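First up is the structure itself, then whatever we jot down about it.
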Amino acid sequence: MRSPKFIYGTSLFMTSISALKSLLIPGTKVVITAHYNPDSDAIGSTLAFQRYLSKKGIHATVAVPSAVAGNLKWMLGAEDILAYDELVHKLQIDALVEEADFIFCLDFSGIQRLHNMAPLVRKSRAKKVVIDHHLDPEDFGDYYYHRTIAASTCELIYDLILEWGDQDLLDASIGACLYSGIMTDTGSFRHPNTTAHVHTVVAALIDLGVNTNEVHRKVFDSSSIDRLKFIGHVLGQRMEYLPEYHLAFMWITAEDLTKFNSQAGDTEGIVNYGLQITGCVWSILMIERPDGVKLSFRSIEPFAVNTFAATYFEGGGHKNASGGRFSGGSLVEAKKKLMEVLPLYLSEINRVKNL
Ligand SMILES: [Mn+2]
């Protein structure tokens, strides 16, 4: 059941998040975490928040479920991030979470998105603070700063720092982390979530001295040749366009991942290519991972791909950018299921297409 603490703008919400500020004092033990396979918004928001807290005299550790992608390692503090799926970090994270007073949960609002770290965080006595912009938050937190209208968690971190009256603590390093997450979660300012507020925040970040051109290059122009060849392979050999469904469909096998020496983050953004096809309304990418088939969904307005993901592939997310999984078998079976359910969606696709 949805708790009233999710309703932002009410006095209850304001009380809880503003009350939190006075509890964050030097000596407070803080862990900051984000979702599995952390993207630029997850890493940008956690590191920006960590640096903000450090300026308030609070030492916080960033501990995430899985490794940081290579194109995000330029961010200040990225080298010290602990990843739970690395054995050397696991025990350290166990101890830190055990002792923590607060765990900040950034860029996710379903605890399962912590994967292997979920049980640890759930049983921790620490107060959990959820700062996020995904739909349908679960009731596992003690404090929520949750707005689905926000394009990114980085935007929310900026808003929160201002709401707490700490704008003087912002600097170019924090700004670069925040810009990185805002840039990627808005698809470089072209997705429908790019509000006037997004541009206002970005203008303020530029005033702080953020070099936006440099951030863009570091995040997007940092591929290995293997990754470019891998994208070429996916687009050339692993993509079909189904005109009757206005759907671009891609898949990546476990063998592909090995053959092209795929690293963390290398599959990020590939699903977006499908939407470049004229007339394409949505794009689906299936990836054969060791723990099952993972799906990514993208769509153009007004087609709600999160409904499709939730109905057929144990997923959900944003209206135009969702994830899902198929636990019913192999990649071949996942593809078979997709082909079975597509006809059920034909009328919805045509309805949207004709709007
Ligand atoms: Mn995000």
Side-chain angles (χ1 to χ4, degrees), residues 6 8 32-50 52 62 64-66 68-69 71-72 75 78 81 103-115 117 128-138 140-141 144-161 174-195 197-199 201-202 205 215-216 219-220 264-265 267-272 285 294-299 304-306 309-310 315-324:
F6 296 131
Y8 70 89
I32 307 170
T33 191
H35 56 79
Y36 185 82
N37 213 352
D39 59 7
S40 164
D41 190 29
I43 297 301
S45 60
T46 53
L47 291 177
F49 197 65
Q50 181 191 42
Y52 161 70
V62 175
V64 292
S66 59
V68 178
N71 66 335
L72 304 176
M75 290 188 213
I81 291 179
I103 301 173
F104 282 81
C105 300
L106 271 49
D107 202 34
F108 68 98
S109 46
I111 200 159
Q112 282 314 322
R113 295 207 62 206
L114 285 174
H115 283 223
M117 247 179 92
K128 284 121 199 154
V129 185
V130 178
I131 303 177
D132 182 48
H133 66 127
H134 291 85
L135 299 172
D136 303 322
E138 283 173 13
F140 69 94
Y144 283 82
Y145 194 67
H146 189 274
R147 295 176 182 172
T148 53
I149 188 85
S152 64
T153 300
C154 283
E155 180 185 334
L156 288 175
I157 293 293
Y158 178 87
D159 289 342
L160 182 61
I161 291 173
I174 293 177
C177 294
L178 295 179
Y179 181 80
S180 182
I182 295 171
M183 174 186 78
T184 53
D185 266 27
T186 58
S188 297
F189 311 99
R190 65 196 174 126
H191 293 336
N193 60 2
T194 313
T195 59
H197 183 63
V198 166
H199 286 291
V201 172
V202 164
L205 299 181
V215 173
H216 199 282
V219 172
F220 291 117
T267 56
E268 190 75 39
I270 292 180
V271 64
N272 294 311
L285 170 65
K294 298 290 142 86
L295 291 91
S296 294
F297 303 86
R298 294 291 183 275
S299 66
V305 82
N306 54 352
H318 306 293
K319 186 181 177 189
N320 302 120
S322 299

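In listed order, ligands and their atoms are each counted from 1. From a predicted model like this one, the values you see are computed outputs, not experimental measurements.
- The main-chain N or O of Val198 is never found under 3.5 Å from a side-chain atom of Glu155 such that the two would form a donor-acceptor pair.
- Excluding waters, the set of protein N, O or S atoms lying under 2.8 Å from the Mn ion (ligand 1) comprises Asp41 OD2, Asp107 OD1, His133 NE2, Asp185 OD2.
- In this view, Ser296 and Val271, Leu285, Arg298 satisfy the side-chain contact (heavy atoms from CB on, under 4.5 Å) rule, not counting sequence neighbours.
- A donor-acceptor contact closer than 3.5 angstrom links the side chains of Thr184 and Ser40.
- One N or O on the side chain of Asn71 and one on the backbone of Val219 form a donor-acceptor pair closer than 3.5 Å.
- Listed by chain and residue number, His318 satisfy the ring pair (Phe, Tyr, Trp, His ring centres under 6.0 Å) test with His134 (two or more places apart in sequence, or in another chain).
- The salt bridge (charged side-chain N to carboxylate O under 4.0 Å, His left out) check on Lys294 picks up Asp291, with sequence neighbours excluded.
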